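Here is the structure we will look at, set down as structure tokens.
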Amino acid sequence: MDNRQCVGTSLISEPPAPRRSRRVLRRVLVAALAGGLVAGGVLVLLPQERQRQPRTVRPPAAGPQAQAPVLTGVTYGVPAALPGLTALIGRQEQRVRARPRDARAWAVLGSAYVERGRRAGDAADYPRAERALRTSLAVRGSRNAEALDGLTALALARRDFPAAKEYGEQALKAAPKRWSAYPPLIDAYTGLGDYKKARSTLEKLMELRTGPVERPAVMARAAAVYRDRGWREDAVAQLTDAAAAARTPAEQAAWLAGVGQLAWERGDLPDALRHFEAAMRLDPDQRAAPAGRARTLAALGRTAQALTAYRAAVARRPDPEVLLELGELYESLEQPQAAEEQYERLRAAVRQSMAGGVDEELLIGRFEADHGDAWEAVERLRAEWRRQPGIEVADALGWALHRTGEDEEALTYATAATDEAKGGGVRSALYSFHRGMIEAELERYGPARRYLEEALRINPYFSPLLAPLAREALGTLGEPPADELPEDHL
């Protein structure tokens, strides 16, 4: 393969402003907005935002019993239903207008914006969230744990793991016995590649006494850490128990979608499909399940159904990750025009996401490496690695370097992504495939064969484009020579 034949249209070639200028502009805007908060300018912004993006139906007021699960979801990180979030936002906007010095009301409003933006895949809610949360801090001061929790969640939604770590540690210091400070901090440490701190923080969380409301969310967080350590059975057990103990359909759907994702990662397609469909029945606004179902249908060879499912998912929410998956499915079906249509929608979705402050450098780098300018991918991913060196970034950077022909350096990052001693221990078919291809290019045929086989053993359906390449590469490598075979094979 000529690795330099990957140059094409850049993912964000429109508009053509340099990346550095966009980042500086974004920082200036955020600083200006934060300054406006302290001056109380947010009070004028709320009505204007509602005029720019009107709600066609005003949700009816819910009673205290109906409101409780939504408020718990916002303040404690338990998944909440999307209609309830919108209703809560409407109530909190009225409250802060009536009581502009109510720090908790601002914090709940900001956290609700974060959760709605995350659930709906709409980054437009994130600047609103930041203004509300910073107003809460300005009113109450730096030991405002609820506002700090919200800012941590906002940073995670924007993939800004250094900021999430900073706010999360402040929140924990302000209220060390408050369990809700621990899960987002675990995510921040994971995003930064600090798996030792992620595990120790989980241990502290598990030592806290939690009630029936909080316990499923704690089990779900434990499942994520176990999955990163390669303990899949333990992760499945924790998520299954969390789903059984869930108190609302939205919460149960979130945990079932997680079980479906774990089943997908190990190539168990019937189990994955069953859990994704169950999640969708419980919560039609579930975001991960529709894409997971479409991905699974494609792997099962039910291509027409998969395309229908993908199109329905991106018609409702044009998620950049899902648009990339759909484009690659079209490529695997040798429909380049349909694939390019999805990539064009992907470019628009990425620009919209970045306008809300989301760091999309990892996604851009992955796209450019395989479908655009691999040299651009390397530049972006190097900067991302310096800022937040997680396993996902290591894998993407290693692959981008391979695509530019820099295989010796690529192997360093591919090793970081696949070596249990250096990373979190996660077993990823994609990471193993990338390392196997890099090893093959370096003529290290034994390791190449081992990692390519491992990729297909972990999940034979991991990608409609790359899984066939893995099988083809293995066929090219052929059987291992006798001196590479284990003793029990001889």
Side-chain angles (χ1 to χ4, degrees), residues 12 19-35 37 77 107 110-134 136-137 142 144-173 180-195 197-198 201 221 224 228 319-321 349-366 379-394 396-397:
I12 55 168
R19 180 173 48 134
R20 185 173 299 163
S21 299
R22 285 197 301 274
R23 283 181 168 173
V24 170
L25 176 61
R26 192 188 311 160
R27 286 197 294 268
V28 171
L29 287 173
V30 169
L33 290 171
L37 271 178
S111 296
Y113 277 138
V114 174
E115 181 66 6
R116 186 177 69 176
R118 187 189 64 80
R119 291 221 62 201
D122 185 3
D125 268 333
Y126 296 156
R128 301 181 186 115
E130 183 166 4
R131 289 193 287 272
L133 292 166
R134 291 197 181 281
S136 181
L137 277 180
S142 60
N144 181 343
E146 288 182 325
L148 291 168
D149 280 348
L151 286 167
T152 307
L154 174 61
L156 289 172
R158 286 171 156 172
R159 282 192 54 83
D160 186 350
F161 299 116
K165 173 180 177 290
E166 180 181 349
Y167 289 127
E169 289 178 344
Q170 289 179 39
L172 192 59
K173 185 176 180 181
S180 59
Y182 289 82
L185 191 53
I186 292 169
D187 288 345
Y189 288 140
T190 300
L192 292 169
D194 194 341
Y195 297 97
K197 279 193 175 180
T201 305
R221 185 58 51 218
D228 289 341
D319 185 293
E321 293 266 2
V350 164
R351 288 194 293 270
Q352 185 176 0
S353 180
M354 291 174 67
V358 178
D359 181 345
E360 294 285 12
E361 295 297 293
L362 175 60
L363 178 65
I364 294 170
R366 286 171 47 209
E379 179 188 350
R380 288 179 175 277
L381 292 168
R382 280 195 197 280
E384 190 74 353
W385 175 258
R386 287 192 294 268
R387 202 171 79 84
Q388 37 194 27
I391 277 185
E392 286 184 306
V393 182
L397 178 53

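Every value quoted in this text rests on a predicted model; they were computed, and no experiment measured them.
- Annotation: side chain to side chain donor-acceptor pair (under 3.5 Å) contacts of Glu392 (sequence neighbours excluded): none.
- The pair Glu169-Lys165 counts as a salt bridge, with a side-chain nitrogen and a carboxylate oxygen less than 4.0 angstrom apart.
- Side-chain contact between Ile391 and Tyr195 is present, with heavy atoms from C-beta onward closer than 4.5 Å.
- With sequence neighbours left out, the side chain to side chain contact (heavy atoms under 4.5 Å, CB included) criterion links Ala394 to Trp385, Ala416, Ala417.
- Residue Pro127 comes nearest to Gly356 through the heavy atom pair CD-O, 4.0 Å, listed as atom of the first residue, atom of the second, then distance.
- Residues satisfying the side chain to side chain contact (heavy atoms under 4.5 Å, CB included) test with Ala396, not counting sequence neighbours, are Leu362, Arg366, Leu381.
- Residues passing the side chain to side chain donor-acceptor pair (under 3.5 Å) test with Thr201: none are found, sequence neighbours excluded.
- Partners of Asp187 by side chain to side chain donor-acceptor pair (under 3.5 Å), not counting sequence neighbours, listed by chain and number: Arg221.
- Look at Arg380 and Glu384 and you find no salt bridge, because none of the NZ, NE, NH1 or NH2 atoms lies under 4.0 Å from a carboxylate O.
- With contacts defined as side-chain heavy-atom distances shorter than 4.5 Å, the pair Met354/Arg351 does not qualify.
- In this structure, Leu156 and Ala188 approach most closely via the heavy-atom pair CD2-N, 3.8 Å.
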(request) Step by step, work out the side chain to side chain contact (heavy atoms under 4.5 Å, CB included) result for Arg128 and Tyr126. (result) CA-CA 5 Å; Arg128 301 181 186 115; Tyr126 296 156; over 6 Å; no

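- Contact detail for Gly110 and Leu133: the closest heavy-atom pair is CA-CG, 3.8 Å.
- Closest approach of Val114 to Ala157, counting heavy atoms only: CG1-CB, 4.4 Å.
- Residues Tyr113 and Ala129 approach most closely at CB-CB, 3.6 Å, considering heavy atoms.
- Side-chain contact between Pro162 and Arg387 is present, with at least one heavy-atom pair separated by less than 4.5 Å.
- A distance of 8.5 Å separates CG of Leu154 from CZ of Arg134, quoted to the nearest 0.5 Å.
- For the residue pair Ala147 and Ser136, the shortest heavy atom distance occurs at CB-OG, 3.7 Å.
- A heavy-atom distance below 4.5 Å is not found between the side chains of Arg116 and Asp122.
- A distance of 14.5 Å separates CZ of Arg382 from CD of Glu361, quoted to the nearest 0.5 Å.
- Evaluation of the side chain to side chain contact (heavy atoms under 4.5 Å, CB included) rule for Pro320 yields Leu346, Ala349, Val350, Glu360, Leu363 as partners, not counting sequence neighbours.
- Residues Asp359 and Gln388 form a side-chain contact, since some pair of their non-hydrogen atoms from C-beta on lies under 4.5 Å apart.
- Summarising the geometry, atom CD1 belonging to Ile186 is positioned 12.0 Å from atom CG belonging to Asp194; distances are rounded to the nearest 0.5 Å.
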